[in-house]
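Working notes for the structure below.
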Amino acid sequence: MDRIPILKFGDCLLVTIQVDMHDELAMSLQEDLTAQIAKYASRGVLIDISSLEIVDSFIGRMLANIAAMSRVLDAQTVLTGMQPAVAITLVELGMSLPGIKTALNIERGMELLKEYVKQEVDAEDVDDTES
């Protein structure tokens, strides 16, 4: 069975999807990613979909589910590299991808995640000083 590699990058996990996604692969990515978030207590997840030319409603829902599950596990999800045709398709399907931040490329996506992690750490520091 195919698996999509998940790389640990500091407090974050990096997923670059380089193959066409099919339903079973999306399901395994969801399971593998949530397990890795819990294992490493990751604060952020970056998913690059620049190689995907098509995202159907199932894959779109899986991405939204991954973001929701990541959020429950205290990690923010950033989706990068979305091609214009994919964005058009998602909008036409009425998918808003709640809980997912987007960035044009991996570099900007990592900047977003670093900002998120910094804000979370700063908020935790404020909470600690107030107690």
Side-chain angles (χ1 to χ4, degrees):
M1 185 163 99
D2 293 332
R3 293 280 192 201
I4 295 175
I6 300 170
L7 305 174
K8 185 177 181 313
F9 189 78
D11 290 345
C12 300
L13 298 175
L14 174 62
V15 178
T16 59
I17 301 172
Q18 300 293 316
V19 296
D20 287 334
M21 290 287 283
H22 52 80
D23 296 357
E24 187 177 325
L25 189 57
M27 295 288 288
S28 68
L29 174 62
Q30 178 180 284
E31 292 174 19
D32 294 345
L33 196 50
T34 52
Q36 296 288 315
I37 292 168
K39 178 179 179 181
Y40 295 116
S42 298
R43 304 301 294 267
V45 175
L46 187 143
I47 302 173
D48 181 67
I49 61 168
S50 57
S51 294
L52 296 182
E53 295 179 9
I54 297 171
V55 172
D56 62 17
S57 61
F58 181 81
I59 300 301
R61 277 195 313 273
M62 291 303 294
L63 291 171
N65 288 346
I66 287 171
M69 291 174 195
S70 298
R71 192 70 205 132
V72 169
L73 293 169
D74 196 24
Q76 177 67 49
T77 300
V78 174
L79 194 64
T80 64
M82 186 179 303
Q83 295 187 24
V86 170
I88 290 168
T89 301
L90 291 175
V91 170
E92 287 177 350
L93 291 172
M95 303 198 67
S96 60
L97 301 178
I100 297 180
K101 295 186 181 297
T102 58
L104 288 177
N105 55 45
I106 291 175
E107 184 178 5
R108 292 183 71 174
M110 288 307 292
E111 289 172 7
L112 271 176
L113 285 177
K114 286 179 185 174
E115 288 174 23
Y116 167 76
V117 170
K118 183 179 182 320
Q119 289 173 357
E120 291 291 313
V121 169
D122 290 347
E124 289 172 4
D125 289 344
V126 169
D127 290 343
D128 290 343
T129 58
E130 292 177 354
S131 344

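None of the values given here were measured: they were computed from a predicted structure.
- The CG atom of Leu29 lies 9.0 Å from the OG1 atom of Thr34; values are rounded to the nearest 0.5 Å.
- Distance check: His22 NE2 to Ser28 OG gives 7.5 Å after rounding to the nearest 0.5 Å.
- Remark: Met62 pairs with Ala26, Met27, Gln30, Phe58, Asn65 by the side chain to side chain contact (heavy atoms under 4.5 Å, CB included) rule, at least two apart or across chains.
- With sequence neighbours excluded, the residues forming a salt bridge (charged side-chain N to carboxylate O under 4.0 Å, His left out) with Asp74 are Arg43, listed by chain and number.
- Between Gly109 and Val78, the closest heavy-atom pair is CA-CG1, 3.8 Å.
- Annotation: the span from Ile47 atom CD1 to Ile66 atom CD1 amounts to 4.5 Å, rounded to 0.5 Å.
- Between the CD1 atom of Ile17 and the CD1 atom of Ile59 there is a distance of 8.0 Å, given to the nearest 0.5 Å.
- Under the 4.5 Å side-chain heavy-atom criterion for Ile, Leu, Val, Met, Phe, Trp and Tyr, Val45 and Leu73 are members of the same hydrophobic cluster.
- Residues Leu113 and Gly44 come closest through the heavy atom pair CD2-CA, 3.8 Å.
- Sorted by first and then second residue, the side chain to side chain donor-acceptor pair (under 3.5 Å) pairs with a member in residues 102-118 read Arg71-Tyr116, Lys118-Asp122; sequence neighbours excluded.
- A continuous path of Ile, Leu, Val, Met, Phe, Trp and Tyr side chains, each step under 4.5 Å between heavy atoms, connects Leu33 with Val55, placing both in one hydrophobic cluster.
- Checked against side chain to side chain donor-acceptor pair (under 3.5 Å), Ser51 has the following partners two or more places apart in sequence or in another chain: Gln18.
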Please set out all donor-acceptor pairs under 3.5 angstrom arising from side-chain atoms of residues 4-16, sequence neighbours excluded.
from, atom 1, to, atom 2, distance (Å)
Lys8, NZ, Gly10, O, 2.8

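- Under the rule for a salt bridge (charged side-chain N to carboxylate O under 4.0 Å, His left out), Asp23 has no partner lying at least two apart in sequence or in another chain.
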Could you pull out every donor-acceptor pair under 3.5 Å between side chains of residues 79-101 and any protein atom, sequence neighbours left out?
from, atom 1, to, atom 2, distance (Å)
Thr80, OG1, Asp48, OD1, 2.8
Gln83, NE2, Ser50, O, 2.7
Thr89, OG1, Ala85, O, 2.8

